[in-house]
Amino acid sequence: MNCLSPSILAADFTRLGEQVSAAEQAGAQYLHFDVMDGCFVPNISFGMPVLSSLRESTNLMLDVHLMIQEPVRYIKEIADCGADIITVHAEACTDLNHAIDMIKERELLAGVALCPATSLTALDYILPRIDMALIMTVNPGLGGQKLIPYTLDKIRDLKKIIDRRGLKTDIEVDGGINFKTLEHVLDAGANIIVSGSAVFDGDVEENTKRLLDIMK
């Protein structure tokens, strides 16, 4: 099933609750949180207080993407704030298996993200253990970038691996997804779509419905 995960990184934080509600009412299924530490990526974004506040006001699946070095330091706290899915970066974990264990122990969905230039071989042994693989279609840390074309081949290759191994792993994509690029990532095999500006720039409800129409 195709699902839309609006990224609040692009939202107007003076109207955050209102905009999240509009996306939910329009049919979005997930809500994407890009947590940045200023170390693994150059930016700093938001953390537990924002996640906890929104957990109280939405029924959407809270899709938390930890763009932080050694995310095991914060998995417990993120889980306690109400996350439904926690995704860690393979590049940021000294012990990726331990990070997955920590997420699974809390009965949450576990995801692993790969930066654009990171090989799919990083998922070879962990793929059967995770619920979602996140393919970054831009370099992590900044919003508003253009989708990197070669990441479409990476999505296609991952989809073939998942199918060949008989797995049910979701493929999420994040970065540069808009009304023009959405069909390309869907055709490549992605089924969970992170989109920021395309949702939150302008009429959130109308934008959400338009994206979901393309995803049908």
Side-chain angles (χ1 to χ4, degrees), residues 1 3-11 13 16-17 19-21 23-24 28-41 43-115 118 122-123 125-136 140-141 143 167-175 190-196 199:
M1 185 174 95
C3 297
L4 179 65
S5 188
S7 173
I8 66 167
L9 191 64
F13 270 66
L16 183 57
Q19 290 193 330
V20 167
S21 179
E24 184 172 7
Q29 302 99 326
Y30 290 45
L31 192 64
H32 193 80
F33 291 76
D34 286 309
V35 180
M36 306 179 189
D37 64 356
C39 181
F40 179 66
V41 293
N43 260 354
I44 295 173
S45 57
F46 38 77
M48 276 74 85
V50 174
L51 177 61
S52 183
S53 296
L54 282 174
R55 175 72 292 166
E56 296 176 4
S57 61
T58 182
N59 292 315
L60 293 172
M61 291 279 288
L62 299 189
D63 172 20
V64 182
H65 177 193
L66 298 182
M67 288 186 272
I68 62 178
Q69 200 67 37
E70 293 299 345
V72 292
R73 296 174 296 154
Y74 298 106
I75 286 172
K76 179 183 182 301
E77 289 80 1
I78 292 291
D80 289 345
C81 287
D84 295 296
I85 308 169
I86 298 179
T87 297
V88 298
H89 267 267
E91 306 90 347
C93 296
T94 300
D95 187 343
L96 181 57
N97 199 61
H98 177 50
I100 299 303
D101 283 343
M102 288 188 68
I103 298 168
K104 291 290 191 178
E105 284 166 4
R106 287 157 179 82
E107 299 183 348
L108 303 178
L109 299 177
V112 172
L114 300 180
C115 294
T118 300
L123 297 176
Y125 298 105
I126 207 76
L127 194 57
R129 297 202 62 216
I130 63 177
D131 301 285
M132 183 174 75
L134 169 52
I135 300 299
M136 292 298 301
L167 302 173
K168 301 296 184 182
T169 317
D170 287 319
I171 300 176
E172 184 172 59
V173 288
D174 183 1
N191 68 300
I192 300 181
I193 309 299
V194 177
S195 185
V199 173

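Keep in mind that the numbers below use all heavy atoms, side chains included, and drop hydrogens, waters and symmetry copies. Quick note: residue numbers are just sequence positions, from 1. All values reported here derive from a predicted model rather than from experimental measurement.
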>> As a quick check of understanding, evaluate side-chain contact (heavy atoms from CB on, under 4.5 Å) for Leu134 and Val112, giving each step before the final call.
In response: CA-CA 6 Å; Leu134 169 52; Val112 172; over 6 Å; no

> Would Met67 and Asn43 satisfy side-chain contact (heavy atoms from CB on, under 4.5 Å), going step by step from the backbone distance to the final call?
Replying inline: CA-CA 10 Å; Met67 288 186 272; Asn43 260 354; over 6 Å; no

>> Could you go through Leu123 and Leu114, starting from their C-alpha distance and side-chain angles, then the distance that decides it, and tell me whether this counts as side-chain contact (heavy atoms from CB on, under 4.5 Å)?
In response: CA-CA 9 Å; Leu123 297 176; Leu114 300 180; 3.8 Å; yes

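At a threshold of 4.5 Å between non-hydrogen side-chain atoms, the residues Ile192 and Tyr30 count as touching. Under the 4.5 Å side-chain criterion, counting only non-hydrogen atoms from C-beta, Pro6 is not in contact with Ser195. Between Val199 and Gln19, the closest side-chain pair of non-hydrogen atoms is not below 4.5 Å. Using a 4.5 Å heavy-atom cutoff, the side chains of Val194 and Val173 are not in contact. Contact check for Ile8 versus Val50: side-chain heavy atoms found under the 4.5 Å cut-off. For the pair Glu172 and Ile135, the minimum side-chain heavy-atom distance is 4.5 Å or more. By the 4.5 Å heavy-atom criterion applied to side chains, Val35 and His65 are not counted as neighbours. Inter-residue side-chain proximity for Val64 and Ile85 is flagged as unmet; no heavy-atom pair is nearer than 4.5 Å.
The shortest non-hydrogen separation linking Leu60 to Ala28 is CD2-O, 2.9 Å. When all heavy atoms are compared, the tightest approach of Asp37 to Cys39 is OD1-N, 2.8 Å. Across every non-hydrogen atom of Met36 and Gly141, the tightest pair is SD-O, 3.5 Å. Taking every heavy atom of both residues into account, Gln69 and Ala92 meet most closely at NE2-O, 3.5 Å. Residues Val88 and Ala99 share a closest heavy-atom pair of CG2-CB, 4.3 Å. For Pro140 against Val41, the heavy-atom pair with the smallest separation is O-CG1, 3.6 Å.
With hydrogens and angles ignored, the 3.5 Å screen pairs a side-chain donor or acceptor of Asp84 with a backbone N or O of Leu62. The main-chain N or O of Leu54 is found under 3.5 Å from a side-chain atom of Ser57 such that the two form a donor-acceptor pair. Asn191 places a side-chain N or O within donor-acceptor distance of the main-chain N or O of Met1, the cut-off being under 3.5 Å. No side-chain donor-acceptor contact under 3.5 Å links Thr169 to the backbone of Met132. When atom types are taken as modelled, the side chain of Glu24 and the backbone of Gln29 share no donor-acceptor pair closer than 3.5 angstrom.
For Phe40, the ring-ring contact (aromatic ring centres under 6.0 Å, His included) test picks out His89, with sequence neighbours left out. Shown here are the side chain to side chain donor-acceptor pair (under 3.5 Å) partners of Asp95, two or more places apart in sequence or in another chain: there are none. Residues satisfying the salt bridge (charged side-chain N to carboxylate O under 4.0 Å, His left out) test with Arg129, not counting sequence neighbours, are Asp101.
Note: Leu96 CG to Tyr125 OH = 14.0 Å, rounded to the nearest 0.5 Å. Note that the OG atom of Ser53 and the CE atom of Met48 stand 12.5 Å from one another [nearest 0.5 Å]. If you take CZ on Phe33 and CD1 on Ile78, they are separated by 9.0 Å, rounding to the nearest 0.5 Å. Interatomic distance, CG of Asn97 versus CE of Met102, reported as 12.5 Å (0.5 Å rounding). Taking CZ of Arg73 as the start and CD1 of Ile75 as the end, the distance is 11.0 Å to the nearest 0.5 Å. Here Lys76 contributes atom NZ and Glu105 contributes atom CD; the two are 12.0 Å apart, rounded to the nearest 0.5 Å.
Side-chain contact, Ser5 with Asp63: a donor N or O sits under 3.5 Å from an acceptor N or O. Asp34 and Ser7 share a donor-acceptor pair across their side chains, judged by distance under 3.5 Å alone.
Of the charged side-chain nitrogens involved, none lies within less than 4.0 Å of a carboxylate oxygen, so that Asp80 and Arg55 do not count as a salt-bridged pair.
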